[in-house]
Every structure is written in C-alpha cells, then in structure tokens.
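The block underneath contains the structure these notes are about, expressed in structure tokens.
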Amino acid sequence: MADKRIEIPTLDQEKGSKLGLRARVCFVCGVNTKSYHLNYGVSTCLGCRAFFRRSVQQNKGKTYPCKNSSECNVDGESRKKCRKCRFQRCLNAGMNPECVLNDDQKKKRFKRSLKRQRAGKKYQTEKQHNEILLKGISTKELDPIEDNTTEQKLSPKLLFKKRFIKQYEQEVSAASMNFPSKRDKTSLENEVREAWEQALKMVPCMALVKDCFVQFHMNESTVMRPAFHFALCHSKDLFYSFSQNLESFRMLSANDQGALLESNTSKFLALITSMYFLETKSVDQLRWLFREELSFPKHYDPVTLFDYQLLGSDTVYRDIRNLLQQFSSYGVKYEHIHVLAASCLFHVEPSLTVHMLEINSISKFFKDVSSISSWTAKVNNNLQDNLSELAFVLVDRFFVGSFVANNVRTNPEFIVDDEIWLNEASSLLMDGMCNIPVDKSVLNELLHFCITSTQLPEPLINTLFDLFKGKFLALFNLPQLKREFSADILYQCLEPSLPGAFCATLGHILSRNNFMGSLSTFLSLQERLYLREKIRAGVTSVGPLMLNKVDQTSFVVLNDRVVQFQFDRIPRHAFFKDRQLFLGMLLRVLSCQLILKHPESTIARFCEKFFLKCSHRFEQVTNLSFTYFQDSLASLKLSYVVSIAKNQNICTQ
DNA sequence: CCCTCAGGGCCAATT
DNA sequence: AATTGGCCCTGAGGG
Ligand SMILES: [Zn+2]
Ligand SMILES: [Zn+2]
C-alpha cells in the first residue's frame with residue numbers, strides 16, 4: 001500500500017502535519033483559501049500546493065537561489081519573488097516531500113487511467129518497467145532506512161529544537177553547580193511535613209464554611225458553589241503558605257515562584273477536589289477539603305456527596321477515577337497529602353520549562369520528592385496528567401484569573417470597592433467576549449503558527465481584528481455604563497477605540513509566553529477544550545504567538561526624551577498577568593473617549609484609579625516610568641494598526 | 001453506491 | 001520559455 005505512506009511519515013518534529021490542522025488560510029503564504037483541505041499534510045492554497053509539487057518532482061528544492069540571505073518575506077504578493085524562501089516555508093509549515101508521489105508511486109496509483117491511455121498509445125515496454133519498479137517499491141517499503149534525507153529537510157525545526165535543548169542543558173549544568181547538598185529521603189520528607197503542618201496552623205479555615213459543608217452532608221443537598229469557592233480559596237491560601245514555608249521554594253526567583261504557583265495551585269485544588277468526591281465516607285471526603293476531621297451531631301449518619309456537574313465532563317471523571325485506582329493500589333492515603341502537595345508544587349509542565357529561570361533546581365527538587373517513597377515516583381508520573389483537566393475546569397469555574405496576586409503588594413489607594421467594581425465589570429466583559437464564538441478554522445490557524453513559530457500572516461490578523469471588534473462590543477452590556485450613558489453616546493465613544501483595544505489585546509497576547517495562557521481570556525470553555533485536545537494529540541510544547549511588527553525587543557520613542565525599553569529586560573511580574581487586571585486595562589482603553597468627554601463619570605474615576613494601580617506596580621518592580629512605557633507602547637502599536645488599516649482598504653471612503 | 005479527500009495533470013495567462 | 005495557479009480528473013476509503 002504505497003498510499004499508506006501519506007499518513008505514516010510523521011517525525012516528532014513535524015508537529016504541524018501530525019495535527020492536520022484544517023484552516024481557511026494558506027500556512028505558507030497566508031492568503032485565504034476557499035477549500036478546507038490539506039495538501040501534503042498542511043493547509044495551503046492551490047498555488048503553494050502546485051509549487052511544492054513541482055519543486056519536489058523536479059527535485060529543485062535545494063537548488064533555488066536566494067538574493068536575500070534566505071530571509072525573504074513570503075506572503076500573497078511576494079511569494080513569487082523568491083522560490084527558495086517559499087520552498088523553505090513550505091517545509092517549515094510541515095509539508096511533507098514524501099507525500100509527493102514519485103514515478104513508481106504515480107504509476108501504481110493511476111494504474112487504470114494509464115491503462116486506458118495505453119490502449120490508444122504505445123506503452124508496451126512501460127508495463128514491464130512498471131512491474132519491476134513496483135516490486136522495487138514493495139521491498140523498499142519494508143526497509144525503513146530513509147530518514148537521512150528527511151532529517152536534512154526538516155533542519156530548521158530541528159535546529160530550533162536543538163538550540164533549546166542545548167540552552168537547557170547548559171542551564172542545568174550551570175545551576176547544578178551552585179545547587180548544594182543532596183538531602184536524604186527522611187530529612188526531605190520531614191522538611192515537607194513541617195512546612196505543611198506549619199501552614200495548617202497559619203491558615204485556619206473559616207468555621208462558617210465548614211458548617212456549610214456539614215449541613216450539605218447532613219441534608220444530602222448539593223454543594224453550593226459559593227461555599228465550594230470559599231473552600232477552594234482557603235486551600236489556595238494554604239498551598240501558598242505551604243510553599244513559603246519550604247526553604248527550597250523560597251530560594252527560587254520571584255519569576256519561578258510566580259510561575260509555579262500560577263500553574264500548579266490549580267493542580268493542588270484539583271487533587272483535593274478529586275479526593276473529596278472520590279472518598280466514600282463523609283468524614284473522609286471533608287478531611288481532604290479542610291484538612292481536619294469535622295464532627296457531625298451524634299447518631300447522625302451523614303451522606304456521601306457527589307456532584308457530577310461540578311466536574312464538568314466524562315474525561316475529568318475518568319481521569320480522577322484513574323488517580324484513585326492508583327492511589328489505592330499503591331496505598332496512598334490522606335496522610336500523604338503533604339508529599340502530594342510538594343509534588344504538585346514543583347511539577348513543571350513541559351511547555352513552561354523555557355520560561356523558568358532555575359528549572360534545574362526545580363526539577364531536582366521534584367525528583368527528590370519523587371524518591372521519598374516507593375509509590376511517589378510511580379504516582380507522580382500520572383498525577384499531573386490526571387489532574388490537569390480538572391484543574392482547568394476549576395480555574396475556569398471558580399477563579400476568573402490566575403493565582404498570582406498572593407505575593408504581590410497591592411496599592412493601598414485601590415480600595416476594596418474598586419476591586420469589587422473591577423471584578424464585576426471584568427467578569428461581565430469577559431463573559432460577553434467569550435460568548436462570541438471563534439471559528440474553528442481560526443483556532444487551527446493560531447495553533448499552527450504557534451507550533452511552527454512563524455509570524456501570523458496579515459489576513460489572519462485582519463480576521464482577528466474583526467473577531468475582537470465583535471467581542472469588545474460586549475462592553476455595551478456593562479450596567480455601570482448603561483446607567484450613565486445612552487446607547488447612542490456609548491456607541492459614538494466606543495467605536496473609535498476599537499482599534500486601540502485590539503492593540504492592547506495584542507499586547508496582552510504577546511506579553512504571555514505560552515499559547516493557551518495568552519488566548520484563554522478570549523475563548524469559551526469549549527474552544528479551550530478543543531485546543532487542549534489538539535495539543536494533547538501530539539505536541540509537547542506550543543510557543544507564543546508571534547507578530548514581527550509588534551514583537552520588537554527594544555524601541556525608541558518620545559519627543560524630546562529618548563527612552564529605550566527592552567521588553568526582555570522587564571520582569572514578567574511587572575505587568576498584571578491576571579485576567580481581571582488585563583480586562584481592567586482593556587476597559588480603560590475602550591472607554592478612553594468616554595473618559596475624555598465625561599471626566600466626572602464613574603468609569604472615568606475608576607480608570608484613573610486603575611491606572612494608578614498599574615503604574616504603582618510597574619514602577620515598583622522596574623524603576624522605570626510607567627507613563628513613558630505606556631505611551632511608547634501605544635505609539636508603536638498605533639502605527640502598527642494604522643498600517644493594517646491601510647492595507648485593509650477599509651478606510652478608503 | 002455515492003460522498004469526501006488528497007493526490008495528479010493540463011493549459012491559459014503571466015512573468 | 002518557464003512559471004504560475006485555477007480547474008478538472010482519479011482512486012482510496014468510509015458510511
Ligand atoms: Zn499559499
Ligand atoms: Zn529568499
């Protein structure tokens with residue numbers, strides 16, 4: 001079966017083609033395509049498909065010259081300018097040369113039509129050739145020695161990967177030098193246990209919440225979401241306190257601490273939630289949730305509660321059943337919760353390793369924890385996998401944002417009322433935004449360009465612009481705005497701000513270092529699950545979105561003063577990574593016209609305070625002027641949007 | 001049996 | 001003359 005070869009050849013580096021992301025743009029030149037088909041494994045236009053076939057058939061791929069040191073732009077117009085770069089981009093996008101049939105394969109595939117042609121012509125000798133060659137093929141197929149050539153063709157991605165690995169290894173060796181003492185198992189376990197017990201003392205749980213749960217279990221009522229939320233919040237604080245009691249954790253840089261907490265707090269919450277639902281007796285259930293034995297009135301037989309709704313999906317249920325099975329087969333019990341917590345805390349998702357500064361210390365500690373007892377290593381392997389889905393659901397249901405706020409001082413000027421206002425407004429804004437669906441094709445396109453680390457093509461950016469315009473209009477539904485302004489005024493003031501808001505959004509997306517992180521604010525649960533499934537299907541890491549016109553490492557702006565900001569020099573925690581806080585920023589951008597025209601309105605006063613909060617944080621961390629930073633960013637992005645608008649020809653009148 | 005999908009070749013238009 | 005890309009043909013595979 002020669003044709004089977006089309007599906008087989010996925011090397012690990014060929015992530016794009018392995019996923020088979022369908023889209024309505026060409027992944028090579030970026031033009032929009034009518035068809036929804038894959039060509040040689042990749043979504044492309046007809047032109048790029050034909051070009052690739054010709055290049056491979058005539059074996060010209062390597063001989064194309066380039067005048068521009070192989071860095072030509074490849075888009076709808078320029079794709080004909082440089083064949084070398086076009087072909088290179090075909091390969092980078094994951095097009096597979098082996099999918100182009102060679103003479104033998106062609107003859108085999110189009111046997112009948114050839115026969116028909118032959119009837120009229122003189123292909124006698126061809127037939128013999130044919131059979132000989134076919135034999136040749138079938139023996140050749142049994143023989144899997146053909147990787148050398150493909151490896152060369154895939155070199156850009158390999159190089160990319162190799163660079164990472166090299167850098168990673170360097171960092172590991174560098175840091176393992178200054179990472180001291182190897183602890184033995186028992187002292188490590190003691191350290192963890194002490195940290196845990198101390199945290200238990202330091203972070204007591206509100207009696208009210210516990211009482212609520214006792215009531216639920218006595219009355220067999222469903223678990224009320226607000227109560228569950230409080231329980232999770234308490235567990236979250238406990239986990240934070242636990243992390244701060246651990247010497248090894250406190251020694252990490254702020255960046256790594258933040259990243260670990262942000263990504264792993266939800267795992268811990270997922271762990272206790274799973275166990276809460278899987279234990280068979282009320283007392284055991286509640287012990288996982290509150291770390292203590294809650295007492296019921298005597299002679300009262302409390303009910304075991306199970307809330308399928310809260311888990312979200314069958315996948316989650318299957319995952320946590322797996323977990324339970326493992327726990328019971330290895331004898332893992334509640335008494336091991338501190339070890340499990342440490343495993344959660346120090347686990348690093350493969351996609352995050354790049355963003356960690358001290359990955360070596362972290363993974364070493366994780367390893368040490370894994371070796372505490374015989375079961376830890378085995379359970380740890382699957383712990384994270386089985387928890388990730390639920391963690392995702394929990395964050396989505398109970399925490400609009402992430403978990404970073406803990407270790408950051410807040411501006412005292414920003415009082416509680418404002419915080420509530422912001423939360424309310426941002427969750428409304430976000431609901432509105434998430435409810436505008438995103439086409440599957442667009443999701444696939446975004447994913448593809450992240451996986452292959454290529455710039456987003458212009459047409460896709462325009463599509464995104466339209467999409468986000470729709471999402472931003474959700475702002476019309478904010479009751480805080482409706483109360484003070486008529487719909488007419490709102491529209492007049494908001495409409496001109498849409499491009500600016502889009503820029504702010506791009507800025508937000510760019511400031512995140514991973515794909516899911518950057519997009520999660522704007523997608524619905526289903527859309528995120530769809531992407532996660534795709535990613536799980538065969539990709540180990542997904543890079544950030546890339547936009548060459550905005551993503552510059554440094555830039556210079558401003559009238560009289562020359563200010564140079566280097567993005568990569570500004571620590572990540574200088575910005576609010578929190579969704580809510582980003583949405584606050586978005587709110588400010590969207591309503592800037594309103595603020596100018598109606599400085600006394602609630603939103604104007606709020607935005608003023610919000611700006612103070614942001615700048616306070618930024619200046620505290622970086623010692624740079626937030627105003628300058630904002631202005632320079634704004635002007636840079638503005639020029640970018642103007643260029644988009646020009647190309648789009650929408651402002652031609 | 002018909003449909004979808006992803007191959008191939010053809011050839012008018014373009015460069 | 002060579003290249004490009006829109007269009008149609010072909011056969012595998014699935015319901
Ligand atoms: Zn193309
Ligand atoms: Zn070139």
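Few gaps surround CD on A/Glu495; more than 12 heavy atoms of other groups in view lie less than 6.0 Å from it.
At C/dT3, one or more side-chain N or O atoms of A/Lys60 fall inside 4.0 Å of OP1 or OP2 (strictly under the cut-off). One finds no side-chain N or O of A/Lys81 lying less than 4.0 angstrom from the OP1 or OP2 phosphate oxygen of B/dT15. At the phosphate of C/dG5, OP1 or OP2 sits under 4.0 Å from a side-chain N or O atom of A/Arg79. For A/Gln58, no side-chain nitrogen or oxygen approaches OP1 or OP2 of C/dA2 to under 4.0 Å. Taking 4.0 angstrom as the limit, A/Arg109 places none of its side-chain polar atoms (N or O) nearer than this to OP1 or OP2 of C/dG13. Listed pair A/Arg22 / B/dC5 fails the phosphate criterion, with no side-chain N or O lying under 4.0 Å from OP1 or OP2.
For A/Leu101, the listed nucleotide lying nearest its side chain is B/dG7; candidates were B/dG7, B/dA6, B/dG9. Of all nucleotides listed (C/dG6, B/dG7, C/dT4), C/dT4 comes nearest to the side chain of A/Arg83.
Across all strands shown, A/Lys34 has no heavy atoms under 4.0 Å from either base or sugar-phosphate atoms. Counting non-hydrogen atoms under 4.0 angstrom, A/Arg54 reaches a base of the nucleic acid.
Nucleotide C/dC9 holds its C1' atom 15 Å from the NZ atom of A/Lys106, rounded to whole Å. Nucleotide B/dT15 holds its P atom 5 Å from the NZ atom of A/Lys80, rounded to whole Å. Between the CZ atom of A/Phe52 and the P atom of B/dG8 there is a distance of 10 Å, rounded to whole Å. Taking atom CZ of residue A/Arg49 and atom C1' of nucleotide C/dT3, one finds them 17 Å apart after rounding to whole Å. Atom-to-atom, CD of A/Glu77 to C1' of B/dT14 comes out at 16 Å; the value is rounded to the nearest Å. Rounding to whole angstrom units, CG of residue A/Leu46 and P of B/dA6 are separated by 13 Å. Between A/His37 atom NE2 and B/dG7 atom P there is a gap of 11 Å when expressed in whole angstrom units. A straight line from CG of A/Asn39 to C1' of B/dG8 spans 12 Å, rounded to a whole angstrom.
Between the A/Asn68 side chain and the A/Ser70 main chain, no donor and acceptor come within less than 3.5 Å of each other.
Between A/Phe51 and A/Arg83 the shortest side-chain heavy-atom distance falls below 4.5 Å.
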Stepwise side-chain hydrogen bond (donor to acceptor under 3.5 Å, both in side chains) check, A/Ser55 with A/Tyr64: CA-CA 9 Å; A/Ser55 300; A/Tyr64 292 136; 2.7 Å; yes
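Note on A/Lys106 versus A/Asp103: salt bridge recorded, some NZ/NE/NH1/NH2 to OD/OE distance being below 4.0 Å.
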